[in-house]
2 protein chains.
Amino acid sequence: MKDQETHQRLLEAAARLFARRGFKDVTVREICRAARANVAAVNYHFHDKLGLYTAVVRMAIDEIRGTSDSARQAGEGASAEEKLRIYVRVFLQRIAANSRDAWIHQLISREMADPTPAFDLIIKHGIRPRLEYLGGLVAELLGCPPNNPRVMQSVAGLQSQLLFCMNPAVARVYPTFNLTPSAIDELARHISAFSLGGIRALRRHRAAVPSAPVKRRRRAS
Amino acid sequence: MKDQETHQRLLEAAARLFARRGFKDVTVREICRAARANVAAVNYHFHDKLGLYTAVVRMAIDEIRGTSDSARQAGEGASAEEKLRIYVRVFLQRIAANSRDAWIHQLISREMADPTPAFDLIIKHGIRPRLEYLGGLVAELLGCPPNNPRVMQSVAGLQSQLLFCMNPAVARVYPTFNLTPSAIDELARHISAFSLGGIRALRRHRAAVPSAPVKRRRRAS
DNA sequence: ACTCGAATAAAACATCTGTTTTATACATAT
DNA sequence: ATATGTATAAAACAGATGTTTTATTCGAGT
């Protein structure tokens with residue numbers, strides 16, 4: 001047995017194609033052509049088209065955790081506010097600047113748009129751990145327990161911006177969104193500042209029941 | 001010629017199915033079954049599967065503009081800050097509470113995830129007008145000209161949250177996200193407060209070159 | 001009564017898709 | 001050298017899919 005190398009070529013080709021176009025839209029024949037392998041190779045090495053896909057998903061999950069750990073480590077010892085800024089910067093640099101990892105979050109976005117059976121794996125092992133880290137940061141910034149609903153609301157507010165700005169279609173809507181490596185640092189600063197501002201605003205609200213009407217002075221026009 | 005009514009049934013069935021599962025994933029046979037029509041009906045009435053899809057897209061665009069106009073009208077005379085709050089509330093109520101219009105933004109989300117040739121139409125006639133309205137509001141709140149990049153950055157920050165929280169998959173990630181009609185008002189308040197806080201934070205930044213380092217005092221842990 | 005055109009229906013077509021089957025090359029162990 | 005098991009290759013299969021073709025129905029205009 002000399003090889004295992006077509007196994008690897010299949011994985012890499014499939015990762016790129018699945019991320020870009022989704023599970024259903026990519027054909028087995030296409031993957032095999034890109035990997036310079038026979039049509040039967042997918043079924044031989046991964047039993048199924050779905051088997052290959054979940055293998056790709058497992059790769060993606062590992063990379064997601066890698067990014068989370070990177071950000072966590074880079075922020076060690078810093079204040080919560082600075083940790084959040086660092087997370088945003090690491091996240092954007094790793095996925096937008098580094099094209100090697102770009103496919104991963106393309107895959108996640110696609111799973112969010114229409115989930116396959118593999119989505120549960122991604123949530124459990126990729127997204128949940130990251131949310132817990134961010135949830136801890138935000139809870140500290142808000143000064144409330146981590147299970148307070150507004151914590152997850154804020155985390156979602158931050159994360160939605162990050163996922164949004166990586167969507168290739170967004171550049172067609174907001175023409176100013178070009179993710180050139182030089183623009184990424186600036187984008188990271190904007191998103192950090194916007195999100196920290198949002199969190200600060202939520203902190204001011206009274207913590208108790210939301211039945212209290214939200215009253216706020218209007219500024220002149 | 002008695003009818004035109006299968007034409008209508010096809011449109012309605014197709015809208016629901018395309019929104020839920022996307023252009024490629026829905027079969028012509030499926031649409032015709034749902035519309036109680038023959039397999040050839042799509043090609044007869046719309047020439048193409050794509051012809052039917054673009055007809056659906058045109059319907060969606062009209063509804064989008066309707067929501068925009070509703071929000072704009074409801075905010076007439078109010079301050080910019082209040083207008084933004086009203087926009088968020090109208091938007092969420094119309095698409096999350098009112099299930100009649102829910103399919104539309106499912107369709108948009110899907111087009112963002114992987115665009116079809118019809119995406120350009122949606123941008124031009126559905127999204128652009130809305131962004132210009134929001135851009136005007138935000139520019140006023142930021143106190144800077146509407147073409148300042150941070151305006152679109154803030155608009156994207158707001159819009160990303162709105163699109164994000166309507167994604168059905170989000171409820172699986174953030175278990176607290178249940179869009180029961182009663183929770184929608186609260187969600188709208190949170191998103192408004194978060195976004196206005198973000199905008200306020202960006203306003204404080206010096207307006208000129210971003211080369212100036214972002215310095216900020218750290219709070220005690 | 002007849003014709004014409006529009007709407008529906010049924011069947012057929014060509015193509016594509018995931019998968020399976022069968023055959024072949026080849027390295028290693030006995 | 002022969003047998004064995006693994007990896008690749010080529011061909012075939014069954015099912016689905018968008019579209020086209022051919023018939024049929026039905027109402028209106030003459």
Side-chain angles (χ1 to χ4, degrees), chain A residues 1-59 107 110-111 113-119 121, chain B residues 1-59 107 110-111 113-119 121:
Chain A
M1 55 202 90
K2 66 170 185 304
D3 259 357
Q4 200 72 337
E5 90 179 17
T6 56
H7 187 281
Q8 198 57 29
R9 281 204 314 271
L10 282 173
L11 266 179
E12 285 161 18
R16 189 167 44 84
L17 289 170
F18 279 143
R20 194 158 357 241
R21 312 225 313 274
F23 176 72
K24 286 219 177 172
D25 203 24
V26 176
T27 73
V28 172
R29 282 172 169 79
E30 207 169 354
I31 297 170
C32 292
R33 205 180 321 132
R36 302 189 310 283
N38 187 270
V39 214
V42 164
N43 304 75
Y44 179 79
H45 286 279
F46 299 92
H47 180 275
D48 243 354
K49 185 188 179 184
L50 191 67
L52 172 56
Y53 184 74
T54 57
V56 167
V57 165
R58 268 193 286 271
M59 280 175 50
L107 193 95
R110 206 158 279 286
E111 280 285 338
D114 54 20
T116 72
F119 190 46
L121 282 181
Chain B
M1 54 202 91
K2 66 169 184 307
D3 259 358
Q4 199 73 337
E5 90 179 18
T6 56
H7 187 280
Q8 198 58 29
R9 280 205 314 272
L10 281 173
L11 265 178
E12 284 161 17
R16 189 167 44 83
L17 290 170
F18 279 143
R20 196 161 351 246
R21 312 224 314 273
F23 176 72
K24 286 221 176 172
D25 205 25
V26 176
T27 73
V28 171
R29 283 171 168 80
E30 206 169 355
I31 296 170
C32 292
R33 204 181 320 132
R36 302 189 309 285
N38 187 270
V39 216
V42 165
N43 304 75
Y44 180 79
H45 286 278
F46 298 92
H47 180 273
D48 243 354
K49 185 188 179 185
L50 189 67
L52 172 55
Y53 184 74
T54 58
V56 167
V57 165
R58 268 193 285 271
M59 281 176 48
L107 195 93
R110 207 158 278 287
E111 280 284 339
D114 53 19
T116 71
F119 190 47
L121 282 181

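Being a predicted model, the structure only gives us computed values, none of them experimental.
In this structure, the separation between CE on B:Met59 and CG on B:Leu11 is 5.5 Å, given to the nearest 0.5 Å. Of the inter-residue distances, the one linking A:Asp114 atom CG with B:Asp114 atom CG reads 7.5 Å to the nearest 0.5 angstrom. Between the OH atom of B:Tyr53 and the CG atom of B:Leu17 there is a distance of 12.5 Å, given to the nearest 0.5 Å.
B:Ala35 and B:Arg9 make their closest contact through O-NE, 2.6 Å (heavy atoms, listed as atom of the first residue, atom of the second, distance). Pairing each heavy atom of A:Ala113 with each of B:Arg110, the nearest pair is O-NH2, 3.4 Å.
When atom types are taken as modelled, the side chain of A:Lys49 and the backbone of A:Thr27 share no donor-acceptor pair closer than 3.5 angstrom.
One atom, NE2 of A:His47, and another, P of C:dT21, lie 11 Å apart when rounded to the nearest Å. Rounded to whole Å, atom P of C:dA7 lies 10 Å from atom NE2 of B:His7. Between the CD atom of B:Gln8 and the P atom of C:dA7 there is a distance of 14 Å, rounded to whole Å. Taking atom CG of residue A:Asp25 and atom C1' of nucleotide C:dC16, one finds them 13 Å apart after rounding to whole Å.
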Identify each atom pair where a protein N or O and an N or O of nucleotides 11-13 of chain C are less than 3.5 Å apart, giving names and distance.
none

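Using five terminal pairs a side, the axes of the helix from C:dA1-D:dT30 to C:dT30-D:dA1 at its two ends make an angle of 20°, given in steps of 10 degrees.
An OP1 or OP2 oxygen of C:dT8 is reached within less than 4.0 angstrom by a side-chain nitrogen or oxygen of B:His45. Dashed line: the shortest gap from a side-chain N or O of A:Thr6 to OP1 or OP2 of D:dT8 is under 4.0 Å.
Checking each of A:Thr54, A:Val56, A:Leu10 against A:Phe46 for a side chain to side chain contact (heavy atoms under 4.5 Å, CB included) leaves exactly one that passes, namely A:Leu10.
Legend: residues meeting ring pair (Phe, Tyr, Trp, His ring centres under 6.0 Å) with B:Phe119, ordered by chain and number and at least two apart, are absent.
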